[in-house]
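One structure is given here, and the rest of the page talks about it.
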Amino acid sequence: MSVDSNDKHFADYISKMAMEDLPRTRPLWQVHVIKYPTSNAAGTLVFKFHHAIGDGYNLMGVILSSLQRADDPSLRLSFPSLKSPRPKSISRFIMNKMSQYLSMPFTSVSEFGWSLLKSTLVEDDKTPIRSGVEAVEFRRTKLSNVTFSKDHIKEIKSNLGVTINDVITGIIFYGIRLYMQNIDYRSRAFSSTALVIANTRHIKDYQIVQDMLKTEKGAWGNHITYYHVSVPKLQDIPISNPLQFVRKAHTSIKRNKNSFANPLITKLLRMKNKLEGPEALAKHIHGTMRKSSLLISNVAGPIEQMAWANHPIGGFFFTLSGIPQSLVITVMSYMGMLRVTTTTEEEFIDEQKLTWYLNKAFDIIRHESIAKENIPKWNKFFKYVL
């Protein structure tokens with residue numbers, strides 16, 4: 001068959017496979033080897049795991065235990081540094097920390113209360129990215145990918161003085177709003193919230209399975225929490241001010257990190273599991289997801305190219321299935337690239353149009369950040385005075 005035909009069959013196969021439950025009489029994982037060329041690869045290897053085995057950290061450790069560096073299998077794979085950069089000014093760093101500590105009680109109560117309301121009472125509006133139908137997790141989905149250069153993301157990060165996560169979240173939010181406005185102009189004023197998944201482990205690197213079995217450091221299970229981030233409305237931020245989407249993402253994420261909201265959410269989930277049981281916990285998490293518009297999860301992948309059985313791996317990404325949302329977005333870094341994967345409700349979201357707007361959002365934000373950086377300092381000051 002032609003490559004185009006293979007693309008269609010591959011998409012149908014992945015969609016069907018994602019919907020199927022793993023047999024309870026067998027181990028909760030599968031490996032699918034697809035030896036047909038598509039427009040993206042000569043062949044495809046799909047690992048399917050049940051989330052009961054563990055979270056992204058565990059599953060990455062399992063996968064990396066089966067892979068080697070393509071250039072030298074005797075060397076270990078390396079990963080992007082997770083260490084915070086050193087502050088340029090010690091005095092400013094101290095002042096910022098003091099300000100954070102003083103505002104922490106109010107921020108913690110505010111963020112935790114907001115998250116609790118979003119999990120129980122407050123539901124997002126129905127929009128072009130949220131159908132709001134019952135049992136949406138059982139509808140067929142489609143996978144699409146957008147790839148950005150990590151160097152270009154770092155360039156935007158440096159120009160705006162934010163983090164890589166802030167940049168990619170701002171791009172996602174801006175692209176989503178452009179898509180929503182194109183589908184339904186009224187949706188510019190509708191409320192949408194992203195549920196961002198975060199790992200609670202205090203670790204800086206992955207461990208292979210053998211090391212995870214030896215120590216408690218890489219404990220198995222789901223050591224994750226979540227926090228809500230509002231997608232800025234176009235009526236609040238003009239469409240002509242795309243950099244504000246990155247700054248807004250920076251402010252929201254920073255507020256969550258500088259509060260006790262995430263540890264409190266983790267404590268709440270553990271308490272609910274202990275007092276009411278796993279079914280009550282599952283119902284709470286399901287309701288939390290269903291009431292928000294999209295889920296965002298990211299995983300750091302290797303810097304070097306990997307190989308499986310001496311076959312070089314050209315691309316690497318992950319996604320989640322069975323999520324009660326019309327849109328799930330996952331981000332994976334690999335070989336200097338960031339791949340944004342969208343899992344969309346079939347026949348409700350136009351995945352090609354959505355990925356086009358995500359690309360457009362990236363181009364606009366990068367162009368605007370470069371233009372901002374090239375403005376002379378005296379001109380910036382003059383504009384500020386005016």
Side-chain angles (χ1 to χ4, degrees), residues 107-134 136-137 165-181 183-184 186-198 224-237 239 242 244-259 261-262 264-266 268-269 283-298 319-320 322-331 340 342-345 348-349 354 357-358 361:
T107 304
S108 299
V109 172
S110 173
E111 293 299 321
F112 179 68
W114 169 240
S115 180
L116 203 57
L117 283 172
K118 288 296 298 177
S119 296
T120 54
L121 299 175
V122 181
E123 189 170 338
D124 280 358
D125 295 325
K126 292 183 179 181
T127 65
I129 63 166
R130 180 176 184 268
S131 64
V133 299
E134 290 294 329
V136 66
E137 62 268 34
N165 276 346
D166 298 335
V167 174
I168 198 67
T169 304
I171 290 171
I172 290 170
F173 284 176
Y174 187 51
I176 283 174
R177 280 298 181 185
L178 291 176
Y179 170 80
M180 288 169 63
Q181 179 177 254
I183 301 298
D184 184 355
R186 298 169 301 170
S187 64
R188 64 188 289 114
F190 293 165
S191 295
S192 296
T193 309
L195 194 69
V196 181
I197 305 300
I224 56 177
T225 187
Y226 57 80
Y227 53 91
H228 292 86
V229 180
S230 295
V231 181
K233 299 177 183 178
L234 286 180
Q235 66 174 18
D236 298 329
I237 299 179
I239 201 169
Q244 196 61 23
F245 280 83
V246 178
R247 295 192 181 98
K248 196 74 174 177
H250 171 72
T251 302
S252 299
I253 294 172
K254 189 176 180 180
R255 275 175 60 87
N256 276 281
K257 286 184 176 180
N258 295 335
S259 74
N262 288 350
L264 288 173
I265 292 171
T266 303
L268 173 68
L269 297 179
K283 186 176 180 181
H284 176 83
I285 294 175
H286 182 277
T288 300
M289 291 180 175
R290 191 182 62 79
K291 289 179 175 63
S292 56
S293 296
L294 71 146
L295 181 143
I296 299 178
S297 179
N298 69 80
T319 188
L320 305 170
I323 303 297
Q325 293 171 323
S326 300
L327 175 61
V328 174
I329 294 182
T330 54
V331 184
V340 179
T342 63
T343 304
T344 55
E345 181 184 341
F348 175 70
I349 294 178
L354 177 60
Y357 275 114
L358 288 173

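Contact of the S192 side chain with the F173 side chain is not registered, since no non-hydrogen atoms from C-beta on lie closer than 4.5 Å. With contacts defined as side-chain heavy-atom distances shorter than 4.5 Å, the pair I197/I296 does not qualify. The shortest side-chain heavy-atom distance between L268 and L116 falls under the 4.5 Å cut-off. Within the 4.5 Å cutoff, no side-chain heavy atoms of P232 are placed close to those of R177. Annotation: side chain of I253 is in contact with side chain of Y227 (closest heavy-atom distance under 4.5 Å). Between Q325 and I129, the closest side-chain pair of non-hydrogen atoms is not below 4.5 Å. The side-chain heavy atoms of P128 and F348, taken from C-beta on, include no pair separated by under 4.5 Å. Between L327 and I349 the shortest side-chain heavy-atom distance falls below 4.5 Å.
In this structure a side-chain-to-backbone donor-acceptor pair under 3.5 Å is present from S326 to S131. Not a single donor-acceptor pair under 3.5 Å links the side chain of S115 to the backbone N or O of E111. Between the D184 side chain and the R186 main chain, a donor and an acceptor come within less than 3.5 Å of each other.
Rounding to the nearest 0.5 angstrom, the gap separating the OG atom in S293 from the CG atom in L195 is 10.5 Å. Rounding to the nearest 0.5 Å gives a distance of 10.0 Å between CG of D125 and OG of S187. In this structure, H250 NE2 and T169 OG1 are separated by 12.0 Å, a value rounded to the nearest 0.5 Å. For the atom pair L294 CG and R130 CZ, the distance stands at 11.0 Å (nearest 0.5 Å). The line from CG of L354 to CD1 of I176 is 6.5 Å long, rounded to the nearest 0.5 Å. The distance from the CD1 atom of I265 to the OG1 atom of T225 is 5.0 Å, given to the nearest 0.5 Å.
Look at K254 and D166 and you find no salt bridge, because none of the NZ, NE, NH1 or NH2 atoms lies under 4.0 Å from a carboxylate O. Under a 4.0 Å N-O distance rule, the pair E137/R290 does not qualify as a salt bridge.
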Let me see the working for T266 and I224 under side chain to side chain contact (heavy atoms under 4.5 Å, CB included), right down to the final yes or no.
-> CA-CA 8 Å; T266 303; I224 56 177; over 6 Å; no
When you look at N256 and N262, which way does the side chain to side chain contact (heavy atoms under 4.5 Å, CB included) test go after all the steps?
-> CA-CA 7 Å; N256 276 281; N262 288 350; 4.3 Å; yes
Which is it for Y226 and L269 under the side chain to side chain contact (heavy atoms under 4.5 Å, CB included) test, yes or no, and what are the steps along the way?
-> CA-CA 11 Å; Y226 57 80; L269 297 179; 3.9 Å; yes
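There is no side-chain donor-acceptor pair under 3.5 Å between D124 and S292. Judged by distance alone, the side chains of T319 and T343 do bring a donor and an acceptor atom under 3.5 Å apart. Side-chain contact, T193 with H228: no donor N or O sits under 3.5 Å from an acceptor N or O.
The neighbour count for K118 NZ, taken as heavy atoms of other residues, nucleotides or ligands under 6.0 Å away, is above 12.
In this structure, K291 and L121 approach most closely via the heavy-atom pair CE-N, 4.3 Å.
Taking the six-membered ring where tryptophan is involved, the planes of Y179 and Y357 are perpendicular, since the angle between them exceeds 60° and thus also 30°.
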